[in-house]
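For reference, the structure is listed below as structure tokens.
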Amino acid sequence: QVQLVESGGGLVQAGGSLRLSCAASGRTFSGYRMAWFRQATGKERELVAAINWIGGVTYYADSVKGRFTISRDNAKNTVDLQMNSLKPEETAVYYCATGRGPFYTTPRLNDDYWGQGTQVTVSS
């Protein structure tokens with residue numbers, strides 16, 4: 001049974017930093033891309049960052065470029081998201097997801113594996 005478990009969320013002041021981590025288990029993830037999405041209250045889930053299996057290709061939403069960094073450790077089956085200079089509008093539940101194939105900016109809720117999410121709250 002595949003499990004993705006996110007950690008590292010919490011409350012931070014605007015301008016602060018958080019590091020999210022996602023641990024995957026239950027199968028071999030060779031060839032799987034990994035990604036972080038977020039969903040704010042009343043809004044659609046959006047792709048924040050993604051990384052391919054080798055780690056040499058990454059994608060970032062325009063709104064987070066230069067502030068967020070995604071990385072993965074295939075030996076540990078983990079993917080991290082370092083978030084700097086956080087803004088109040090980035091308050092959301094952050095989800096880890098993994099699947100095969102190219103990056104998708106729209107969430108593949110039925111085709112990919114998803115974690116339960118971790119709350120990030122950025123106070124002004």
Side-chain angles (χ1 to χ4, degrees):
Q1 180 179 356
V2 173
Q3 276 194 317
L4 300 179
V5 179
E6 301 99 335
S7 61
L11 174 65
V12 64
Q13 288 188 332
S17 299
L18 280 176
R19 187 176 184 88
L20 305 183
S21 186
C22 172
S25 62
R27 66 158 297 140
T28 300
F29 293 95
S30 175
Y32 277 59
R33 55 174 157 73
M34 300 193 82
W36 287 95
F37 285 76
R38 65 187 177 193
Q39 187 167 17
T41 303
K43 295 189 176 182
E44 294 185 349
R45 193 170 299 190
E46 62 174 355
L47 177 62
V48 176
I51 188 167
N52 70 339
W53 162 247
I54 298 174
V57 179
T58 56
Y59 168 90
Y60 295 96
D62 287 343
S63 60
V64 307
K65 284 180 181 177
R67 299 186 297 118
F68 288 16
T69 302
I70 189 170
S71 60
R72 67 187 295 168
D73 185 334
N74 290 338
K76 298 179 180 179
N77 283 338
T78 59
V79 59
D80 290 349
L81 184 68
Q82 177 66 42
M83 306 186 295
N84 299 327
S85 303
L86 282 161
K87 305 174 182 179
E89 56 265 36
E90 295 179 311
T91 293
V93 177
Y94 283 69
Y95 296 91
C96 175
T98 186
R100 299 188 69 89
F103 297 154
Y104 290 90
T105 56
T106 53
R108 304 180 73 196
L109 298 179
N110 295 322
D111 297 319
D112 286 357
Y113 298 107
W114 292 84
Q116 292 300 306
T118 185
Q119 176 70 45
V120 172
T121 302
V122 185
S123 64
S124 58

Same hydrophobic cluster for [X] and [Y], using side-chain heavy-atom links shorter than 4.5 Å among ILVMFWY?
X	Y	answer
V48	L4	no
V79	F29	no
M34	F37	no
V2	L109	no
L47	Y94	no

Exercise for the section: Report yes or no: do D80 and Q82 form a side-chain donor-acceptor pair below 3.5 Å? Expected result: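 No, no side-chain donor-acceptor pair sits under 3.5 Å.
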Exercise for the section: Check the angle between the aromatic planes of W114 and Y95 and answer parallel, tilted or perpendicular using the 30° and 60° thresholds. Expected result: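 Taking Y95 first and then W114, their aromatic rings stand perpendicular (interplane angle over 60°).
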Practice task
Scan for side chain to side chain donor-acceptor pair (under 3.5 Å) pairs involving residues 45-60, sequence neighbours excluded, and state none if there are none.
Solution key: R38-E46, Q39-R45
Can you find a pair of side-chain heavy atoms, one from [X] and one from [Y], that are under 4.5 Å apart?
X	Y	answer
V57	R33	no
E90	M83	no
S30	Y32	no
L20	V120	yes

Practice task
Using atom types as modelled and distance alone, determine if a side-chain donor or acceptor of T121 lies under 3.5 Å from a backbone N or O of T91.
Solution key: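 Such a contact is absent between T121 side chain and T91 backbone.
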Exercise for the section: Return yes if some donor-acceptor pair links the side-chain N/O of E6 with the main-chain N/O of Q116 below 3.5 Å, else return no. Expected result: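 The answer is yes, because a donor-acceptor pair under 3.5 Å joins these two groups.
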Practice task
Determine whether more than 12 heavy atoms belonging to other residues, nucleotides or ligands lie under 6.0 Å from atom CD of E89.
Solution key: yes
Can you measure from [atom1] ([X]) to [atom2] ([Y]) and round to the nearest 0.5 angstrom?
X	Y	atom1	atom2	value
D111	Y104	CG	OH	8.0 Å
I54	R72	CD1	CZ	9.5 Å
L18	L11	CG	CG	8.5 Å
K87	S124	NZ	OG	14.0 Å
Q3	N77	CD	CG	13.0 Å

Completion exercise
Heavy atoms of S17 and N84 approach each other most closely as OG-OD1, 2.9 Å
Exercise for the section: Can you see which heavy atom on A14 is nearest to which on P88, and at what distance? Expected result: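 Looking at all heavy atoms of both residues, the closest pair is CB-CD, 3.9 Å.
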